Amino acid sequence: SQIAYVYSYHDGRMMAGFRLGDDYFQLPPEQTQDMKVIKTEVLVEPDENGDYGLAETWYSNGDVALGVRTGYYTYEQASTIHCITLLTDRYQTPRGLRVGDPVEMCLNLYGRLPNGSGQIEAGVLELTQENGVVTSITLRAGS
């Protein structure tokens, strides 16, 4: 697998009916009823008083996965969707890109795909591809 970033993604902060920054626990039940926890990672250990810790829990229904940050972040309570990943072709980006599409379609829709790593900012798509086929599409909020 290889990862590429689409820096010209200006279609908003929403994919698959989920919006970056929304409170996961305030979503309507029909959006979350099929979601199962697939992993949890501690991003910031709580301090000696047990305050200000931050965890990221991933929920998935098999078609989409959501990274939800819970705890305190920069001293504000957080339970927000930080990352949205499309895992199957059930959903598409606003411009029509789906998992399973050839990378050439991504180039037609979004332009040049810079490879490599670096700071991921809001409104940037992260694509994984294998053998010229898109295997996942991620929209991630800034770090």
Side-chain angles (χ1 to χ4, degrees), residues 1-101 103 105-107 109-143:
S1 287
Q2 292 183 329
I3 296 175
Y5 300 108
V6 176
Y7 290 98
S8 63
Y9 183 78
H10 298 293
D11 293 334
R13 300 170 56 85
M14 190 167 197
M15 275 197 328
F18 298 98
R19 182 179 302 279
L20 294 178
D22 279 359
D23 186 327
Y24 177 80
F25 300 108
Q26 298 299 316
L27 294 175
E30 59 271 11
Q31 277 191 286
T32 59
Q33 65 189 4
D34 295 330
M35 294 287 189
K36 306 286 186 241
V37 174
I38 56 174
K39 74 175 180 176
T40 299
E41 177 183 4
V42 174
L43 302 176
V44 178
E45 292 288 340
D47 65 15
E48 63 275 358
N49 299 319
D51 296 326
Y52 307 113
L54 182 68
E56 188 166 75
T57 301
W58 283 84
Y59 299 86
S60 181
N61 62 8
D63 292 316
V64 64
L66 303 175
V68 178
R69 290 197 169 176
T70 56
Y72 286 88
Y73 187 61
T74 63
Y75 302 102
E76 293 185 22
Q77 179 68 34
S79 60
T80 58
I81 298 173
H82 181 74
C83 188
I84 304 166
T85 300
L86 305 182
L87 303 169
T88 69
D89 64 358
R90 180 172 179 200
Y91 297 103
Q92 64 184 18
T93 69
R95 294 188 194 181
L97 185 67
R98 293 179 186 268
V99 169
D101 285 341
V103 172
M105 183 172 178
C106 183
L107 294 171
L109 293 171
Y110 293 101
R112 191 169 86 77
L113 294 176
N115 287 316
S117 61
Q119 182 70 26
I120 298 174
E121 299 171 2
V124 175
L125 286 180
E126 177 183 310
L127 307 173
T128 56
Q129 63 93 19
E130 192 169 317
N131 299 323
V133 176
V134 176
T135 56
S136 71
I137 303 168
T138 298
L139 178 60
R140 186 182 310 269
S143 300

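Treat the numbers as computed from the prediction; the structure is a model and nothing was measured.
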Value rounded to 0.5 Å, distance of [atom1] in [X] from [atom2] in [Y]:
| X | Y | atom1 | atom2 | answer |
| --- | --- | --- | --- | --- |
| L127 | L97 | CG | CG | 6.5 Å |
| L54 | H82 | CG | NE2 | 9.0 Å |
| L27 | R19 | CG | CZ | 11.5 Å |
| M14 | T93 | CE | OG1 | 13.5 Å |
| D101 | T135 | CG | OG1 | 12.0 Å |
| L139 | L20 | CG | CG | 4.0 Å |

T138: side chain to side chain contact (heavy atoms under 4.5 Å, CB included) partners, not counting sequence neighbours:
C83, T85, E126, R140
Can you list everything that forms a side chain to side chain contact (heavy atoms under 4.5 Å, CB included) with V64? Sequence neighbours excluded, please.
A16, F18, M35, N61, L66, I84, L86, Y91
Does any pair with a residue in residues 24-45 pass side chain to side chain donor-acceptor pair (under 3.5 Å), and if so which ones, sequence neighbours excluded?
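Applying side chain to side chain donor-acceptor pair (under 3.5 Å) to every pair that reaches into residues 24-45, excluding sequence neighbours, yields T40-T57.
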Run the side chain to side chain donor-acceptor pair (under 3.5 Å) test against R98 and tell me which residues pass, sequence neighbours left out.
Q92
Salt bridge (Lys or Arg N to Asp or Glu O under 4.0 Å) filter on D63, not counting sequence neighbours, yields R90
Write down the atom of L87, the atom of G62, and the distance for their closest heavy-atom approach.
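Looking at all heavy atoms of both residues, the shortest contact is CB-O, 3.7 Å.
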Quick one: closest heavy-atom pair of G96 and L109, and the distance?
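Closest approach of G96 to L109, heavy atoms only: C-CD1, 4.1 Å.
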Do side-chain atoms of T128 reach the backbone of S136 as a donor and acceptor pair under 3.5 angstrom?
yes
